Every structure is written in structure tokens, then in C-alpha cells.
Amino acid sequence: MTNRKKRLAIFASGSGSNAEKIIEYFKGNQNVHIEAIYSNRKKAKVLERAEKHKIPSITFNKSHFLEDTQSIIDDLKSKKIDLIVLAGFLLLIPESLIDAFPQKIINIHPSLLPKHGGKGMFGSNVHQSVSESGDTESGITVHFVNKEFDKGRIISQIKCVIKEHDDPQNIASKVLAIEHQYYPMIIDQLLENKYYEGS
Ligand code: GAR
């Protein structure tokens with residue numbers, strides 16, 4: 001860990017319960033600071049959560065994000081962001097943003113990738129797919145972001161058991177509980193360089 005604090009940007013499109021867990025986990029941390037929340041939805045609940053914790057927020061629409069990505073890159077660079085954390089951010093990250101932050105963008109996916117991943121696989125769609133598959137386990141995958149949905153190098157996976165009577169909603173709440181418990185910790189360990197070893 002260098003002397004200066006590591007600076008995080010969180011990207012979220014919806015409720016932001018994971019974003020809030022990350023904010024709470026790093027509150028008062030000597031080594032890590034959450035610089036801002038970025039969202040493509042002006043009415044997303046994550047923006048209320050950001051305000052509650054006095055974290056600045058930046059919003060943009062889909063076309064701004066995809067066609068004027070450079071202005072977002074410039075903003076992130078001006079804030080000297082060390083790690084971009086996707087927490088329920090549902091737009092594909094443009095190549096220029098990935099190239100500007102190589103191995104510095106991570107995502108959480110609510111299944112054990114490569115199962116139940118890819119375009120259109122988000123939120124309840126994922127848990128529906130797990131339920132229909134008859135899988136006896138699900139869980140979370142934290143991975144680096146590359147140019148395809150859910151295909152970047154896996155950093156960590158945590159599993160939970162799926163019982164026969166579990167419906168998509170039960171599966172969703174089991175998985176969300178694991179996300180809340182582990183995502184902040186995995187980010188912390190990543191910032192300590194743990195997952196870069198041997199890479
Ligand atoms: C989380 O379950 C996250 O894994 C999922 O969206 C949810 C966001 O919840 N992400 C994806 O499905 C990405 N493909 P939150 O807004 O309450 O943190």
C-alpha cells in the first residue's frame with residue numbers, strides 16, 4: 001500500500017445495496033476512499049444512498065456513456081481513480097474505458113460464472129435461470145471486466161447451497177446476502193494486491 005489513499009469509483013444502475021455495503025465497509029478507512037458514485041439512471045436508489053453518506057454522484061444517460069466515454073474517462077482520471085467497482089451496473093463498459101483502466105475495473109455477478117452469465121443476464125433473470133436449471137448451488141463471482149459481458153478473469157467465487165424448494169426469490173436473497181458479506185472484503189484484499197499475485 002502506498003502512502004496515499006486508494007481512490008474508488010463505484011458504478012451502479014439500481015438499488016445500490018452493494019454500493020452502500022462498500023461505502024459502509026470503507027468508512028473511516030485510512031487507506032481507501034470512495035470518491036464518487038456513477039450512475040446511468042437519474043432516479044436510481046443508489047443516488048439516495050450516496051447522498052445519505054455524503055458521497056458525490058455523477059449521472060449520465062446511455063448515449064452519453066457510450067458516445068462521449070472520453071468525458072467520463074477524463075473525470076475518472078482527474079480524480080486519480082485506482083479502482084472502478086461495478087455494483088449492479090448494467091451497461092456494457094466501452095472498450096476505451098477498459099483500455100484507460102487496464103485490470104482496474106471489477107464486477108460482481110450473482111451466479112457462479114461461466115454459468116448463467118452473458119448479455120441479458122442480470123438481477124432476477126439470473127436467479128430464474130439458476131432455478132430452472134436445477135443447479136444445487138449458486139453464488140457470486142467477482143471478476144475483472146473485459147470487452148465481453150461476464151467473461152473477464154475471475155478474482156473470487158463464493159458458493160451457496162440451493163435446495164429443491166428454493167424459488168428464484170429465495171435464491172436471490174441468499175446470493176445478495178453473500179454479495180453484501182464478501183464484496184467489500186474482496187475489494188479490500190484486491191487493493192492489498194492479493195489477487196494480482198502470480199498474474
Ligand atoms: C446484484 O445482485 C449484482 O450482482 C447484480 O445486480 C444486483 C444489484 O443489486 N449484477 C448483475 O446482475 C450484473 N450482471 P444492488 O443494486 O442492490 O447492489
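Quick note: numbers below take in every heavy atom, side chains included, and nothing from hydrogens, waters or symmetry partners. All values derive from a computational prediction rather than experimental measurement. Whatever order the structure lists them in is the order used to number ligands and atoms, beginning at 1.
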I'd like to check which ligand 1 atoms, numbered from 1 as shown, lie under 4.0 Å from a non-hydrogen atom of [X].
{"X": "Ile108", "result": "4 (O), 10 (N), 13 (C)"}
{"X": "Met121", "result": "14 (N)"}
{"X": "Glu179", "result": "1 (C), 2 (O), 3 (C), 4 (O)"}

Checklist line | The single option from Val142, Ile186, Ile108 passing side chain to side chain contact (heavy atoms under 4.5 Å, CB included) against Glu179 | finding: Ile108
How close does the nearest protein non-hydrogen atom get to [atom], and which residue and atom is it?
{"atom": "atom 11 (C) of ligand 1", "answer": "Pro110 CD, 3.6 Å"}
{"atom": "atom 16 (O) of ligand 1", "answer": "Gly16 N, 2.7 Å"}
{"atom": "atom 9 (O) of ligand 1", "answer": "Asn18 ND2, 3.9 Å"}

Electrostatic pair [X]:[Y] at N-O distance under 4.0 angstrom:
{"X": "Asp99", "Y": "Lys147", "result": "yes"}
{"X": "Lys174", "Y": "Asp166", "result": "yes"}
{"X": "Lys79", "Y": "Glu35", "result": "no"}

Next item on the list: Name the option, out of Ser15, Ser17, Gly88, Ser13, that contains the heavy atom nearest to atom 8 (C) of ligand 1.
Entry: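 Selected option, by shortest heavy-atom distance: Gly88.
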Item checked: Heavy-atom proximity to atom 12 (O) of ligand 1, best of Gly117, Ser111, Gly123, Ala172 -> Gly123
Margin query: If hydrophobic clusters are built from ILVMFWY residues whose side chains come within less than 4.5 Å, do Val46 and Leu83 share one?
Written below: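 The answer is yes; both residues are in one hydrophobic cluster.
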Next item on the list: Compare all side-chain heavy atoms of Asp135 with those of Ile162 and state whether any distance is below 4.5 angstrom.
Entry: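 Result no, sub-4.5 Å side-chain heavy-atom pair not found.
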